[in-house]
Structure formats: C-alpha cells, structure tokens
Amino acid sequence: MSLPSRMPAVAYSSPGSPDVLTDVELDVPAPGPHDLLVEVRAVSVNPVDVKLRRGADPGGQPRVLGFDAAGTVVAVGEAVTAFAVGDAVYHAGSIARPGTNARYHLVDERIAGHAPASLDWAEAAALPLTTITAWETLFERWALTRESTGTLLVMGAAGGVGSVLVQLARQLTGLTVVAAVSRPEAEEWVRGLGAHEVVDRRDLVAEVARVAPGGVRYVFSPYSAGMVETFARVMTVGGSVVAIDEPEGLDTLPLKERSQGWHWEFMFSRPLHDPESTAQRELLDEVARLVDAGVLRTTLTARLSPVDAATLAEAHRRVESSSTIGKVVLTAS
Ligand SMILES: NC(=O)c1ccc[n+]([C@@H]2O[C@H](COP(=O)([O-])OP(=O)(O)OC[C@H]3O[C@@H](n4cnc5c(N)ncnc54)[C@H](OP(=O)(O)O)[C@@H]3O)[C@@H](O)[C@H]2O)c1
C-alpha cells in the first residue's frame, strides 16, 4: 500500500482554552528503527492533554496532542521485531513525541501492545494510558500479587485511571477494594467494575471508618491536593499512598508519625528514561489477553466522532470538568 505524504491532524500553537485546537495538515512521519507507523482509528482524551494544552507553550509551532490510540500498523522501522504491517495495536506513546490526534502516528514498538481482539477501536483506545498507570501502581510501585491482602482505598475510582485500577485490584490481587466517589452514578459504575465497598469521598474519615475500622493499608491518589493529613488518618501504621498528580507545595510530614509512605507513579517515566524496556508492551499484551478472556473490560463511556478540532475541543471540555466517568473516546471517520 502506498502511503500519502500529508495527513490531517489537530494541533495547537499557543496555550489556552479548547478553542486553541486547530485542524492542520502535516507531513506523514517516517518510522525510525524501532517505530511503528500506525493509522489511527480511535483516540481517547486524558487530563494530560488538557494540562499541556493549557500550560505547555509550543512556541508558535503546531504541537499535536493525544496519547491513547488504537489503530493499524501500516509501516515498520528496520529494527522492529514484535509487530508487522496489518497488526492491530493500542498504545499511550511518549510525552516527548508528537501525539495521536492525527491520521498517522509513530510509536516505539517497545511501548505498544497488540490490541484486544474482542474490542472495537474505540473500546481499545480507552485503555492504554490509564491501564499502564494502574498496572505500574499496583504491580510495580506496591509490588502486589494475587496473594496480597489488606484494604485498598481508590480515590477518583470512577475516573479514567480509577476505573482500570479497581478492576485490576479486584481481579488480580486479594485486596479488599474500597472505591471513593461523590455521586450515585459513579457509585453504580464502580460497583459494576468490582469494588467491594463504595464510600463518599466528601466525608472520607467517617466513611473509611465505617467500612475499614482498622484503617486501609493502601491509598491510590489521583487528586492529592490538601489530602495528606486525611490520608494519614485513614491509613494503618506503615500504610502507603501512590499518587499520580502534581499537587503544588506537597508536605508529606504528617505521614511520619505512623511510618507511612508516599510514592509517585508517572507512566511516561519508562518512555522518557528507560526506552529499551519492553515492560509496557508486555503489560499491554497481558491486559489484552485478560480483556479477551472476559476478566477485564473497557472503560469507554462516551463515543464522539470524527477526530477533528471541534470534536476534540468538546472532549477536552468534558475531561477538564473532572466529572467524567470512565473515558471519552473519538473515532476517526
Ligand atoms: N502520573 C501518571 O502517570 C498519570 C496517569 C494518568 C493520569 N494522571 C493524572 O491523574 C489525575 C486523574 O486522572 P484520570 O484520568 O483518572 O481523571 P478523570 O477521569 O478526569 O477523573 C474524573 C473522576 O474523578 C473524580 N473526582 C473529581 N474530583 C475529585 C477529587 N477532588 N477527589 C477525588 N475524586 C475526584 C470524579 O468522580 P466523583 O466526583 O464521583 O468522585 C470523576 O469521575 C489527573 O490529574 C491526571 O493528569 C497521572
């Protein structure tokens, strides 16, 4: 198949509201040695897209956002071993490279997975970034196993990352999963994903005491601002938090008295600092197997189309409300 030399994409060239997103035409990029050139069939939007669009200045040059994608491999670099033209893939890419809001996208084969065969493009595109984050939190930062026990409190449980983390913790560990939400529709969603208990995050100390009177061993924190003292109170001695956001001026000293820990998870650490690792490919492949076996399910809740500036602006507005449940996905026309 011969590929076009130019492609439609959505970019921004100075930071601002969703209206800075613009339809542009760019060169189709050529794969480097380890790259897959992917024809993008669907993308999902994450809070990182919103944060970059608002705060990262591309200096007047068009920057393409978008990390999650599902699509078909249309060309491969000369060193690629794990994929071939025609393969269906899903991936979250690297924050250091142009994004997926384009007809074609380059991704390093070491951070892409084979897409679940049982999902359509949109259902698959909902998963990669949040899945990598949730997986690395549970199985790398905390090194949990099927034998692990104790109680895990999942903040933001109905959000993109929480919706995968609840499922992974329920299916692949022995933990009791307590999901924190603020709305009835979020409660219904997280119960469907397998949460053992659901608590109201607006009255966290009393609510955790109700379902886990001895305290929780683990806290997953996607919304950490102002929460350190509360987490110190709801955790056991030696409990630990994994946080994934970037709260300003964080002070973790309240955790000292009970020897509690604070850890960070950043799913772009590997693409940025350990590019030869194939761990993210392996975890995406494993998650695809678990999805196809019916153990895990997609977190897609909203489908928009096509991937153009107007539709992406609408998706950004939804995601920046911090009130979406599951994931907003756009499919290419
Ligand atoms: N470090 C990493 O690698 C990494 C990866 C992915 C995401 N992140 C970051 O993690 C954060 C969450 O990402 P996400 O995709 O899961 O977000 P999301 O899908 O936008 O989260 C929305 C959900 O969060 C809940 N929520 C809203 N405000 C909250 C608060 N103050 N406390 C607790 N829950 C709240 C809402 O439900 P209720 O109101 O019903 O509770 C809503 O369902 C973002 O800051 C994102 O940039 C970091």
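Each ligand, and each atom within it, is numbered from 1 in the order the structure gives.
In the model, His34 has no side-chain atom that pairs as donor or acceptor with a side-chain atom of Asp108 under 3.5 Å. Between Ser163 and Trp189, the side chains place a donor N or O and an acceptor N or O closer than 3.5 Å (distance only, hydrogens not considered).
For the pair Asp285 (side chain) and Gly113 (backbone), a donor-acceptor distance under 3.5 Å is absent. Between the Arg170 side chain and the Gly194 main chain, a donor and an acceptor come within less than 3.5 Å of each other.
For Arg201, a nitrogen or oxygen atom sits less than 3.5 Å from a nitrogen or oxygen atom of ligand 1, counting backbone and side chain alike. In terms of polar-atom proximity, defined here as any N/O pair under 3.5 Å, Val161 does make such a contact with ligand 1. On a distance-only criterion, Arg183 and ligand 1 share at least one N/O pair closer than 3.5 Å. Close N/O approach between Ile325 and ligand 1 is not found [any backbone or side-chain N/O within under 3.5 Å]. No N or O atom of Asp245 sits closer than 3.5 Å to an N or O atom of ligand 1.
More than 12 heavy atoms of other residues, nucleotides or ligands shown are found within 6.0 angstrom of CZ on Arg53.
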Subject >> CA sep, side-chain torsions, deciding dist, call: Thr331, Trp121, side-chain hydrogen bond (donor to acceptor under 3.5 Å, both in side chains) >> reply: CA-CA 7 Å; Thr331 48; Trp121 296 118; over 6 Å; no

Test salt bridge (Lys or Arg N to Asp or Glu O under 4.0 Å) on Glu314 and Arg318 and set out the steps. CA-CA 6 Å; Glu314 166 61 17; Arg318 293 191 193 187; 2.8 Å; yes

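Annotation for ligand 1: atoms under 4.0 Å from non-hydrogen atoms of Ala186 are 40 (O). Heavy-atom contacts of Met267 reach the following atoms of ligand 1: 2 (C), 3 (O) (cutoff under 4.0 Å). For ligand 1, the atoms sitting less than 4.0 Å from at least one non-hydrogen atom of Pro47 are 13 (O), 14 (P), 15 (O), 17 (O), 20 (O), 44 (C), 46 (C), 47 (O), numbered in the order shown with element in parentheses. Proximity to Glu265 (heavy-atom distance under 4.0 Å) selects the following atoms of ligand 1: 1 (N), 2 (C), 3 (O). In the vicinity of Phe266, heavy-atom distances shorter than 4.0 Å reach the ligand 1 atoms 1 (N), 2 (C), 3 (O). The distance from ligand 1 to the heavy atoms of Gly159 drops below 4.0 Å at these ligand atoms: 16 (O), 19 (O), 21 (O), 22 (C), 23 (C), 43 (O). Near Gly156, meaning under 4.0 Å from any of its heavy atoms, are these atoms of ligand 1: 33 (C), 34 (N).
For the ligand labelled ligand 1, residue Thr324 lies inside the 4.0 Å heavy-atom shell. Within the structure, the closest approach of Lys51 to ligand 1 falls below 4.0 Å when heavy atoms are considered.
Rounded to the nearest 0.5 Å, atoms CG (Leu127) and NE2 (His91) are 13.0 Å apart. Going from atom CG of Asp251 over to atom CH2 of Trp262 covers 10.5 Å, rounded to the nearest 0.5 Å.
Of the residues listed (Val164, Asp68, Thr133), the one engaging Pro128 in a side-chain contact (heavy atoms from CB on, under 4.5 Å) is Asp68, and it is the only one.
Protein heavy atom nearest atom 38 (P) of ligand 1, with residue, atom name and distance: Ser182 OG, 3.3 Å. If you check which protein heavy atom lies closest to atom 10 (O) of ligand 1, you get Ile244 CD1, 3.1 Å. The nearest heavy-atom contact from the protein to atom 20 (O) of ligand 1 is Tyr223 OH, 3.6 Å.
Counting only heavy atoms from C-beta outward, the side chains of Ser269 and Trp264 never approach each other to under 4.5 Å.
Between Glu188 and Arg191, none of the side-chain N atoms (NZ, or NE/NH1/NH2) sits under 4.0 Å from a carboxylate O, so this pair counts as no salt bridge. Using a cutoff of 4.0 Å between basic side-chain nitrogens and carboxylate oxygens, Asp19 and Arg317 are scored as salt-bridged.
At a 4.0 Å heavy-atom cut-off, ligand 1 touches Thr133 through the side chain alone. Using a 4.0 Å cut-off between heavy atoms, Leu129 contacts ligand 1 through its side chain alone, with no backbone atom that close.
Around atom 19 (O) of ligand 1, the closest heavy atom drawn from Ala243, Ala225, Gly160 belongs to Gly160. Heavy-atom proximity to atom 36 (C) of ligand 1, evaluated over Ser221, Pro184, Ala158, Ser322, is greatest for Ser322. The heavy atom nearest to atom 11 (C) of ligand 1, out of those in Pro222, Ala134, Ala180, is found in Pro222.
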